Each structure stands twice: as structure tokens, then as C-alpha cells.
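This is a predicted model, so every value here is computed, not measured.
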Amino acid sequence: MPAAFGAVTSGLIFGIWKGFLIASVATILGAIIAFKLSRSVLRTTIKSFLEKHEFLSLLENMTVTQGWKMVCILRISPILPFALTSYVLGFTELSILDYFLGTLASLPALLGYVIIGHLTKNGFDTSVNGWVFYIKLLITALAIGGIIFLISKINRIFFLYVKKKE
């Protein structure tokens, strides 16, 4: 189940703070389980997937050198699905600490989804929820900055890949 769906549902049922706590724990646990599965049971499947997609192997190399910073960028970027990223990152040499720290970057967006669920239930009354605007603005600014950074890194990797093929 996508994290966004679970977060919206948590906000709808439990409210903002309880919903965020539940969605955060579920997201982090799910990410760590996927990471560990790809390092053990699914290792051969993930390896064959990476071998078929050489571009992902290049991203894997960059993740190893950048550590938690690259995981952070991948988590706030909507380019790669959260679950797929968890499995691919599990195949890398990335430490579990770097993986965990980088995965924490997904929490602000998760809070946004929980708030959307809460507001869906309680209406979009800005007089009561005016602070929501500022949280969404902050999340949007962080996401845009992360996407710009990631796209510049991906472009650099892509051009190196093209030059290598020539």
C-alpha cells in the first residue's frame, strides 16, 4: 500500500498528531523491512533487476558515495517510488544508519498527507487550520529544492553514462 494512502487514512481516522505518529512508524518500519529483505531473501531478484537497468546501477554508486544525503533526496523526490527505492537501496553498500537517517526526510511529506486526511474529515476551514498553509509551503519548498538537486545529479550521471557508451 502506498505510504500516501496510509497517511491520508491515518489523518482521516486518528487526527493529525496520532495519525502522523502511526503513519511515521508504519512507513519507517516498512522501509526497514524492505531494505532488509532486499539484502537477504530478495538479493538475487534485486541484483538481476539492477543488471537490466544500468542507469539504476549508476544511481546506486552515487548513493554509496553520498550516503544519507542521497537517500534523503530520493525520499523527498516523487521521481522514484518509495518501495522500489527501499528495495534498490537495500542492495547497495549503504549502512542501515545512513538509510534510516535519509528515510527520515520522507516524514514532512507524510505529515502533509496526514493533514490532508484530517482536513478531508473536518473541512478546509482556514480560520482553524491556518498554520496548515505554512506547513504545506515548507514541504513544497523542500521538495522543489530536492528535486532540482536530484535532477542536476541525474543529468550529470546520464551525461557520464552517454560519454562512456560513446
J.: Count I, L, V, M, F, W, Y as connected when their side-chain heavy atoms are under 4.5 Å apart, and connections chain through other members. Are I115 and I13 then in the same cluster?
T.: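 In one cluster: no.
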J.: Quick one: pull up NZ in K36 and CD1 in I96 and give me the separation to the nearest 0.5 Å.
T.: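 Here the rounded value is 4.5 Å.
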J.: Which atom names give the shortest non-hydrogen contact between A105 and R75, and what distance separates them?
T.: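 It is CB-CB, 4.4 Å.
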J.: Taking the side chain as every heavy atom from C-beta outward, state whether I16 and L111 have any atom pair closer than 4.5 Å.
T.: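 Contact flag for I16/L111 side chains = yes.
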J.: Working to the nearest 0.5 angstrom, can you tell me the gap between S106 OG and Y113 OH?
T.: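 Going from OG on S106 over to OH on Y113, the span is 10.5 Å.
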J.: With rounding to the nearest 0.5 angstrom, report the CG to CG distance, L94 to L101.
T.: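 Spacing of CG (L94) from CG (L101) equals 10.0 Å.
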J.: In a table with atom names and distances, give each donor-acceptor pair under 3.5 Å that connects a side chain of residues 18-33 to protein atoms at least two apart or in another chain.
T.:
{"unit_1": "S24", "atom_1": "OG", "unit_2": "F20", "atom_2": "O", "d": "2.7"}
{"unit_1": "T27", "atom_1": "OG1", "unit_2": "A23", "atom_2": "O", "d": "2.8"}

J.: For the hydrophobic clusters of this structure (ILVMFWY residues joined by side-chain heavy atoms under 4.5 Å, transitively), does one cluster hold both V71 and L107?
T.: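 V71 clusters together with L107.
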J.: Specify the closest pair of heavy atoms between Y99 and S86, including all atoms of both residues, with the distance to one decimal.
T.: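 Result for this residue pair: OH-OG, 3.1 Å.
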